[in-house]
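Both backbone and side-chain heavy atoms feed into the values below; hydrogens, waters and symmetry mates do not. Order of the sequence lines sets the chain letters (A, B, ...), proteins ahead of strands, with each chain counted from 1. For clarity, every value in this text was computed on a predicted model and none was experimentally measured.
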Amino acid sequence: MFKTFQDNLLAFYQSFPIEKPWQADRDPYKIWLLEVLSQQTRMEQALPYYRRLVDRFPKIELLADASEDDLFALWKGLGYYSRARNLHNTAKYITSEREGQFPRTYADIIKLNGVGPYTASAIASFAFREDVAVLDGNVHRVLSRVFGIAKTIQRGQDKDEFQNLANKLLIKGQSDIYNQAIMNFGSTHCKPQNPNCGDCNISEICYAYQNEKVGVLPPPKLRPILRDRYFHFVFVKSKDNIYLRKRMEKDIWQGLYEGVVQENKDLDVDFWQTQKLDIAGLLWSPWLKQVLSHQRIWMKIAIIESENWSSTNFQAFHTSELKNIAFPRVVSKWIEAHGFD
DNA sequence: AAGACGGGGGT
DNA sequence: ACCCCAGTCTT
């Protein structure tokens, strides 16, 4: 039974091979880069970022030497910015503590910052053909449907069950091909919505297809209730300079830049007075909305002209530099549409 | 075990 | 406008 599933999977892979950009040299550094970019991110979205990063930092030593702001500028818009921070720290660690040698086993790779079970398996199998099975969202969906397991992987115990099944199915000695095949199959064919069951060579052994349960497998994940947050965001402008500060708090958008921000639904005159800013008659944007997986962000943005304004933690940037500054997406979208005039 | 952490695509 | 998608770290 397992053999049939695997044979069909490999047959599928022959007809839908997907070239990875690191295929030529299988450099674990490049594989790591692409896998980290792909966490919680579709491949099509990650690829342009991958190309810019590899182009700019073809060797791990160059990534280690980069400034965090430069890295964030290249990461801007992709989200989950702690990935960029971990990437940077790990590049520095490998360069200085391991003489640039990327670890070569799952056990060592998973010790790296920002690398969990999925990414460690992917790197160990793609770069070194170690017999470790990946378990990502695609693999979970495929196994849930084909083997009729109506469970999410939110509980550790259930995740272990899927991981054990994935390990059993793994074709030893061909973990790179097998892992690639099952993820490709999940992302291009056994999709979350409208899977292509009519043209699937696995459907004959697929529990969900045979029992008309494709629509209900895997079961939906429990989602956290969204919290609403409101921000008033002001760019202070003096001639051609804009004052910005880097968000250092343990909060959303850590490491990104912002103007003067009051987090509140209503304008607090006292707050703006302490910032020495007169916001009377300011032209605010409408409420701009950005939905994150756990928060609903509402933001009003305005520009205020103020000569000789200064405040601790704020730094002046010439308006021409701002395209290389990482802002939250909702802010950069507003900048693209509005500009600073 | 539960919550925090961005953003994009399909319908 | 609404619904769905997806790994790692921290608490």
In whole angstroms, how far is the C1' atom of C/dC9 from the CG atom of A/Leu112?
-> 15 Å

A/Leu226 has an atom CG; how far is it from atom C1' of B/dA2, in whole Å?
-> 16 Å

Distance below 4.0 Å between A/His294 side-chain N/O and B/dG3 OP1 or OP2 = no

Salt bridge present between A/Arg229 and A/Asp251 (N-O < 4.0 angstrom) = yes

Do the side-chain N or O atoms of A/Gln290 get closer than 4.0 angstrom to the phosphate oxygens (OP1, OP2) of B/dG7?
-> yes

How far apart are the C-alpha atoms of A/Trp309 and A/Phe314, what are their side-chain angles, what is the distance that settles it, and do they pass the ring pair (Phe, Tyr, Trp, His ring centres under 6.0 Å) test?
-> CA-CA 10 Å; A/Trp309 184 82; A/Phe314 281 84; 5.4 Å; yes

Want to settle it: does A/Gln45 or A/Arg155 sit nearer the 5' end of DNA chain B, counting the closest nucleotide to each?
-> A/Arg155

Can you tell me the distance, in whole Å, between the OH atom of A/Tyr81 and the P atom of B/dC5?
-> 13 Å

Residue closer to the 5' end of DNA chain C, A/Arg141 versus A/Lys250 (nearest nucleotide) | A/Arg141

Do the rings of A/Phe5 and A/Phe147 sit parallel, tilted or perpendicular, given the 30° and 60° boundaries?
-> perpendicular

What nucleic acid atoms does A/Pro224 come within less than 4.0 Å of, heavy atoms only: base, sugar-phosphate, or nothing?
-> nothing

Which nucleotide in C/dG7, C/dC4, B/dC5 has an atom nearest any side-chain atom of A/Asp136 = C/dG7

Give one of base, sugar-phosphate or nothing for A/Pro117, where a contact means two heavy atoms less than 4.0 Å apart.
-> sugar-phosphate

What's the CZ-P distance between A/Arg296 and C/dA1, to the nearest Å?
-> 13 Å

When you check the phosphate oxygens OP1 and OP2 of B/dC5, does a side-chain N or O of A/Gln295 lie under 4.0 Å from one of them?
-> yes

Is the shortest side-chain N/O distance from A/Arg329 to OP1 or OP2 of B/dG8 below 4.0 Å?
-> yes

Ring centres under 6.0 angstrom apart (A/Phe317, A/Tyr257) = yes

Rounded distance in Å - CG (A/Leu33) to C1' (C/dG7) | 16 Å

Whole-angstrom distance between B/dC5 and C/dC5, as gauged at atom C1' = 15 Å

Does C/dT8 have OP1 or OP2 sitting under 4.0 Å from an N or O in the side chain of A/Thr119?
-> yes

For DNA chain B, whose closest nucleotide is more 5', that of A/Gln157 or that of A/Glu44?
-> A/Gln157

Looking only at C/dC5, C/dT8, C/dC2, the nucleotide nearest the A/Lys289 side chain is C/dC2

Ring centres of A/Phe126 and A/Phe128 under 6.0 Å apart?
-> no

Do A/His232 and A/Trp272 have their ring centres less than 6.0 Å from each other?
-> no

Any side-chain N or O of A/Trp253 less than 4.0 Å from the OP1 or OP2 oxygen of B/dG7?
-> yes

Short N-O contact, A/Glu35 and A/Lys20, less than 4.0 angstrom = yes

Is the shortest side-chain N/O distance from A/Arg223 to OP1 or OP2 of B/dG3 below 4.0 Å?
-> no

Distance, rounded to the nearest Å, where A/Ile225 contributes CD1 and B/dA2 contributes C1' | 13 Å

Report which part of the nucleic acid A/Ser82 touches: base, sugar-phosphate, or nothing (heavy-atom distance under 4.0 Å, all strands).
-> nothing

Nearest-Å distance for atom pair CG/P, residues A/Asp251 and B/dA4 = 10 Å

Tell me: CG of A/Asn89 to P of C/dC9, nearest whole Å?
-> 12 Å

Answer with base, sugar-phosphate or nothing: what part of the nucleic acid does A/Tyr118 contact at a heavy-atom distance below 4.0 Å?
-> sugar-phosphate

Would you say A/Asn194 reaches B/dT11's phosphate, i.e. side-chain N/O to OP1/OP2 under 4.0 Å?
-> yes

On DNA chain C, nearest-nucleotide positions of A/Val291 versus A/Gly116: which is more 5'?
-> A/Val291

So, is A/Lys159 close to the B/dA1 phosphate, meaning a side-chain N or O under 4.0 Å from OP1 or OP2?
-> no

Measure from the side chain of A/Gln39, starting at C-beta and using heavy atoms only, and say which of C/dT8, C/dT11, B/dC5 lies closest.
-> C/dT8

